[in-house]
Protein chains: 2
Amino acid sequence: MRQLCMPQGLSNDELSKLETLICSARSVHRGEALYRSGDRFDNIYAVRSGSMKTVMAHRDGREQVTGLRLAGEALGLDGISEDRHACSALALEDSTVCIVPYTALKSLCREIGSMQERLHKLLGEQIVREAAQMMVLGSLSADERVAAFLLDVSERNAQRGYSSAEFNLRMTREDMGSYLGMTLETVSRTLSRFQKRGLIDTQGKHIRIVDLDGLRQV
Amino acid sequence: MRQLCMPQGLSNDELSKLETLICSARSVHRGEALYRSGDRFDNIYAVRSGSMKTVMAHRDGREQVTGLRLAGEALGLDGISEDRHACSALALEDSTVCIVPYTALKSLCREIGSMQERLHKLLGEQIVREAAQMMVLGSLSADERVAAFLLDVSERNAQRGYSSAEFNLRMTREDMGSYLGMTLETVSRTLSRFQKRGLIDTQGKHIRIVDLDGLRQV
DNA sequence: CGGATCCTTGATCCCTCTCAAACTTAGTGG
DNA sequence: CCACTAAGTTTGAGAGGGATCAAGGATCCG
């Protein structure tokens, strides 16, 4: 749980202080919202188990998936700028999150330099990740997008100590398509083609990467 | 210059402290880089005059414009996560920037709560802006993308006290296309069509919005 | 176990890309 | 200061990647 909630760069002593902040955990059932766009921003979260997606809505009602959060990843930073959440966070499966009250975290960041550093990095990482996703959406073909997505999930799994070759993606084809700026049919066709080419092995939401290098070269 | 560099929420006294940080300004000529992807991250910047674009590169060499920064806007936050810049920042015209050393800024943020708040908001705003741009790239048609872009620039001009109806966009059609995930030809055609429909009036880089509501309804 | 959701695959269409060429603007050097 | 040249823009014609519409099949969860 320590390594999940806020890894890296903190001494044990400092981690203890952080843990006093984490008032509680919360469980969110599949399909339920942890928070919704427009909700007041009070906490940031760390996914403890399960996975979540973030969704942003255009004024005309169109929605797009803007992020995927696996266990160990941070959630809720979209609320900082306006004191209200700009996205909604929905559970892709029954999940639990750690709750970190933002006001208390800010205080702690003023006391402890390494804590401040960690929060800045967290914010900076999301900025870079989103910029990279802008590249995916703006410059890559459908095949390239799907490949990039699979490689991204694979790498994030590896970082968290899970298998990089095999995982369960709880997103639907529609979620993936929304995240990648394409239709669910094109996602499905692309995965089928990857399978025929021997790059992956899929059975519904279970995905196994067979030829990592091949996928990188798509 | 006060209102440009770091507006909002700071007392005069605190602003003075910030100004002691801003060691210097720097001028960047049209086409030159303020920093490049991979450069060590030492400073964040505020555009004082002119305008800049940020560009990110895929490993295969493809580049995409990931951001536009007008006078008064912040720049360089892409370096926080890795201590190296993830993007390059290039001047769209001869420009000047204020230099804010990051290490010193961090110290100041630990001393002064409102300064910490301001930096967090700055980071949070970029997160939300990029998420919104992901929506533009993933969900909107070419017409909608161009309209959304023009409205965004218009609004940012208004916020900075300039005309929301008329402005000089120093980006080329190619830059716009790259930022919006389309080709320069499609950008050009779309602008021509908008002009024929009486929504805007363009002469090269000079753009006047004729029918704001019409543009919103595209 | 049964209904609803999700996935796959096919056929067709259209929006945007690509390639091409002429025109305009802006920056440079004589 | 003007002419020259390179860069940027506009517009057209044709092609293609991905969207849309449709239907059958699989899977999941209550």
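Chain letters run A, B, ... following the sequence lines, proteins first and then strands; every chain starts at 1. This is a predicted model, so every value here is computed, not measured.
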K.L.:
Roughly, in whole Å, what's the span from CG in B:L180 to P in C:dC15?
P.N.:
19 Å
K.L.:
Between A:E144 (CD) and D:dG17 (C1'), how many Å, whole number?
P.N.:
12 Å
K.L.:
If you count heavy atoms of other groups shown closer than 6.0 angstrom to CD of A:E82, is the number above 12?
P.N.:
no
K.L.:
Does B:E174 have more than 12 heavy atoms from other residues, nucleotides or ligands lying within 6.0 Å of its CD?
P.N.:
no
K.L.:
Starting at atom CG of A:L191, determine the distance to atom P of C:dC7, rounded to an integer number of angstrom.
P.N.:
10 Å
K.L.:
Just how far, in rounded Å, is P of D:dT27 from CD of A:E174?
P.N.:
20 Å
K.L.:
Which nucleotide, C:dT16, C:dC7, D:dT11, lies nearest any side-chain atom of B:S141?
P.N.:
C:dT16
K.L.:
Nearest to the side chain of A:E185 - C:dT9, D:dT10, C:dT16?
P.N.:
C:dT9
K.L.:
Please work out if A:R170 contacts a base, only the sugar-phosphate, or nothing of the nucleic acid, heavy-atom cut-off 4.0 Å.
P.N.:
sugar-phosphate
K.L.:
Specify the separation, in whole Å, of atom CG of A:L140 and atom C1' of D:dG18.
P.N.:
15 Å
K.L.:
When you look at CZ of A:R62, are more than 12 heavy atoms from neighbouring residues, nucleotides or ligands closer to it than 6.0 Å?
P.N.:
yes
K.L.:
Under 4.0 Å between a side-chain N or O of B:T172 and OP1 or OP2 of D:dA7?
P.N.:
no
K.L.:
Measure the distance from CE on A:M182 to P on D:dT20 and round it to the nearest whole Å.
P.N.:
13 Å
K.L.:
Quickly work out the B:L184 CG to C:dC19 P distance and round it to whole Å.
P.N.:
13 Å
K.L.:
On DNA chain D, check which nucleotide each of A:G204 and A:T186 is closest to and give me the residue with the more 5' one.
P.N.:
A:T186
K.L.:
Is the distance between the ring centroids of A:F41 and A:Y102 under 6.0 Å?
P.N.:
yes
K.L.:
For B:T183 and C:dC17, is the shortest distance between a side-chain N/O and OP1 or OP2 below 4.0 Å?
P.N.:
yes
K.L.:
Is the shortest side-chain N/O distance from A:S188 to OP1 or OP2 of C:dT8 below 4.0 Å?
P.N.:
yes
K.L.:
Just to be sure I understand the rule, does B:G181 reach a base, reach only the sugar-phosphate, or reach nothing, if contact means heavy atoms closer than 4.0 Å?
P.N.:
sugar-phosphate
K.L.:
Could you please name the option among D:dC29, C:dC7, D:dA19 that lies closest to any side-chain atom of A:R173?
P.N.:
C:dC7
K.L.:
5'-most contact on DNA chain D: A:K205 or A:R145, nearest heavy atom basis?
P.N.:
A:R145
K.L.:
Does any N or O donor sit under 3.5 Å from an N or O acceptor when you compare the side chain of A:Q203 with the base of C:dC7?
P.N.:
no
K.L.:
Within this structure, what is the CZ-to-C1' distance between B:F194 and D:dT10, rounded to whole angstrom?
P.N.:
16 Å
K.L.:
Using a strict 4.0 Å threshold on nitrogen-to-oxygen distance, state whether B:D39 and B:R36 make a salt bridge.
P.N.:
no
K.L.:
Taking only side-chain nitrogens and oxygens of B:R189, does any of them come within less than 4.0 Å of OP1 or OP2 of C:dT16?
P.N.:
no
